[in-house]
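See structure below.
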Amino acid sequence: MNRVLTATIGGVAAMVTLGAGFNDAADTASAVVAAGWVIAAAGCLASGRPAVARWAGLVAVLQGAAAIWPQAVPLAIAGWLGFALALPDGDLRTLPRRIVTGLGALGGLALTLLVEVSPGGYATAAVVAAGTGTIAIVARCGPASPRQRAALQWTGAALLLAAAAGAVIIGLYLLLGVPETPMAWLVGALVIVPVGALFGHLPPTAHVGEKALLEAVVVAGFAVMIAGVYLVVVLGLGRLPAENERDLLVSSMAAALVVAVLAIPVRNRLLHTARAITGRGGVPPEEILATFGARMSRAVPFDELLLQLAESLKAAMAPAGAEIWVGASGVLQRTVSVPDLPPERITLNDRERVIVGRTRIGGPSWLAIWLPGMLPESGGLVRVAPAAHLGELLGMIVVRRPPDAPPFSENDDQVLVQLARQVGLALHNMRLDSALQASLDELRRRNEELQASRLRIVTSADAARRAIERDLHDGAQQHLVALSVKLSLAGEIIAEEPDVARAMMSELRDDVQGTIAAVRELAHGVYPPLLRNHGLDQAMRSAARRSALPCAVDVDLPRRFSEETEAAVYFCCLEAIQNAGKHAGADAAIEVAITADDKALRFTVADDGAGFESAGEGHGFVNMRDRLGAIGGALTVDSALGAGTTIRGEIPHA
């Protein structure tokens, strides 16, 4: 396919050469435009855009045909329309574009087959095609990708420049009668379009499509404006210029166009030179505002961003130094300073925070009232722009100048105010990011604790089942086996030795009571019946009676709580009592207190024993924390050597 396209382009080039050699000026201009399309097709093909290259080659063929046979101009116009509709990828993807392209081709073919078509008819067709193509390009700019948008913007810029050139040519012809063959110049100006379309697909130039479009708008606007001004001048004369006036008018129009094109870059250069002369060289304050906003959208560390801002401020408007203060809750710290200054902190009361946060910008008089510590000791000019968000003071921008420097202008103040707003927004976003990161870290920590807690719960449940099995095997089961053996013996001797049998039956009664006691003790370890039937008061008093140390219980509860809550409190207190019995010492005593209010159920288990250095994370404490954590509670342990141990738990009401 690429070879076929290359051969087609070569043929078109030959045809264009022949057309340029045998026809008038308009046909020569048409041949030049066809050559422009040939170059565009070759460039698009080399850039890996074969579909666009095919369309450019087609327009080159049709334009070359029009150069040789002017009757084919409508077909060339239809080709231009098809190219515009096929942008940016050379593909007519939607049905409306295919329909419009087909209608354009049919219309061009119909006009070509008509023997006589006036130049006005060609002009009307060209205007309709140009308008349709422009609308299609504008409509596709929004949803296009950056690469596609660049191609559309370059083509749009070329169309604007071509239209502006046409307007200037027509104005010159109407006012001054030059050029003598305006049609040739109008056609020749169209060569800008294939050149612009080519630039939109070349990698070195495609990325500046937006800038090209903006510059094209400026140049085209100036050109049309200048042509309009001169038209008004001529109309004011009430006559066309005389022969000796035309050269002067043409020269002045050309000079005006040159000035219009060079006005913006020359102005920027002159401003730069003026700043250098007045000691205010470097980056203009307006550019600081623009570049800071651009840097905020990039992945630049915030400390580096503030340092770059301070350096830019010093270079642009603060020869004596620039500082940026950051803080919250009325406490501000000097975070960045150029030149480097030692850290410093200021604290504002509530009223000062409100006043400073609502201030737009402050000078020496304002500082003397609200921030006197920031006034320069050696004099000089200073400006402070508070960085706030939604009325909350988050920082300040401070810029200084020597006493003999020019005063801060209104433009300087405006730039500082805008910068302070952006810094305030950035600080607010940074705080949100920090809070979000802290929340994520907390969630991650809680998730890890939850996973560990689940593992401990599963392990504890397995251990509890093994303990129950062991207690049943070593306790109640052994009692039941002994009862079975004694019952067998009693059955064998009851008739022969009734006295021995009666004594054995008495032993059997004692053994049955022991078995009942063992089963009851096992049941108490699983879930105490007293807790289920009578609540924490009686269950804890029963547990206190089984304690190895003296244990006092004080339960003051307004009502019963859920089974899960009461079980958690009971087993935590039981675990604490057992730990005290093991480690507090033989002379220690235990006090248990359980209370509740409108917010939470609380318990305390305190002993006056030996204590230990730190709460630690022993197995018993881990079990208690897991039990309370499962229902939203928390546990704290206070202990010291020789001062005993106090364990507190709290379970919020649901």
List the atom pairs, with distances to 0.1 Å, where a side-chain N or O of residues 128-136 and a protein N or O form a donor-acceptor pair under 3.5 Å, not counting sequence neighbours.
| unit_1 | atom_1 | unit_2 | atom_2 | d |
| --- | --- | --- | --- | --- |
| T132 | OG1 | V128 | O | 2.8 |
| T134 | OG1 | A130 | O | 2.7 |

Pairwise salt bridge (Lys or Arg N to Asp or Glu O under 4.0 Å) hits with a residue in residues 71-84, at least two apart:
none
Which residue pairs pass the side-chain hydrogen bond (donor to acceptor under 3.5 Å, both in side chains) test when at least one of the two sits in residues 97-109, sequence neighbours left out?
T94-R97
Can you see which heavy atom on A78 is nearest to which on G104, and at what distance?
CB-O, 3.3 Å
Out of curiosity, M430 CE to L306 CG, how far, rounded to the nearest 0.5 Å?
7.5 Å
Indicate whether any N or O donor in one side chain lies under 3.5 Å from an N or O acceptor in the other, for Q414 and E410.
no
Looking at residues at least two apart in the chain, or sitting in another chain, which of them share a salt bridge (Lys or Arg N to Asp or Glu O under 4.0 Å) with R149?
none
Grab the two heavy atoms, one from I169 and one from A189, that are nearest each other, plus how far apart they are.
CD1-CB, 4.5 Å
Applying side chain to side chain contact (heavy atoms under 4.5 Å, CB included) to R358 and not counting sequence neighbours gives V354
With sequence neighbours left out, which residue pairs that include part of residues 314-327 fulfil the salt bridge (Lys or Arg N to Asp or Glu O under 4.0 Å) condition?
E323-R334, E323-R400
Please list all pairs meeting ring pair (Phe, Tyr, Trp, His ring centres under 6.0 Å) that have one or both residues in residues 130-171, counting only residues at least two apart or in different chains.
W154-F199
Apply the test side chain to side chain contact (heavy atoms under 4.5 Å, CB included) to residues R140 and L152: give CA-CA distance (whole Å), side-chain angles for both, the deciding distance (0.1 Å), then the verdict.
CA-CA 8 Å; R140 289 197 299 279; L152 293 170; 4.0 Å; yes
Using modelled atom types and a 3.5 Å cut-off, is there a donor and acceptor pairing between side-chain atoms of W325 and backbone atoms of M396?
no
Residue pair A387 / G424: nearest heavy atoms and the distance that separates them
CB-N, 3.8 Å
Side chain to side chain contact (heavy atoms under 4.5 Å, CB included) with A158: which residues, sequence neighbours excluded?
I192
Parallel, tilted or perpendicular for F83 and W37, by the 30°/60° rule?
perpendicular
Please step through side chain to side chain contact (heavy atoms under 4.5 Å, CB included) for the pair Q418 and V415, ending with a clear verdict.
CA-CA 5 Å; Q418 295 297 328; V415 169; 5.9 Å; no
Heavy-atom pair of closest approach, residues L307 and V336:
CA-CG1, 3.7 Å
Show the numbers, then the answer: is there a side-chain hydrogen bond (donor to acceptor under 3.5 Å, both in side chains) between D433 and Q437?
CA-CA 6 Å; D433 291 342; Q437 187 60 47; over 6 Å; no
Report the C-alpha separation of I324 and T335 in whole Å, then their side-chain angles, then the decisive distance to 0.1 Å, and conclude whether the side chain to side chain contact (heavy atoms under 4.5 Å, CB included) test is met.
CA-CA 6 Å; I324 298 178; T335 304; 5.5 Å; no
Pairs meeting criterion side-chain hydrogen bond (donor to acceptor under 3.5 Å, both in side chains) with involvement of residues 75-89, two or more places apart:
Q63-W80, D89-R93, D89-R147, D89-Q148
Residues in salt bridge (Lys or Arg N to Asp or Glu O under 4.0 Å) with R431, at least two apart?
E392
State which residues pass side chain to side chain contact (heavy atoms under 4.5 Å, CB included) with S47; sequence neighbours excluded, sorted by chain then number.
L202, P203
Run the numbers on L160 and L213 for side chain to side chain contact (heavy atoms under 4.5 Å, CB included), then give the verdict.
CA-CA 8 Å; L160 269 175; L213 180 58; 4.1 Å; yes
Which residues satisfy the side chain to side chain contact (heavy atoms under 4.5 Å, CB included) test with A405, sequence neighbours excluded?
R401, P402
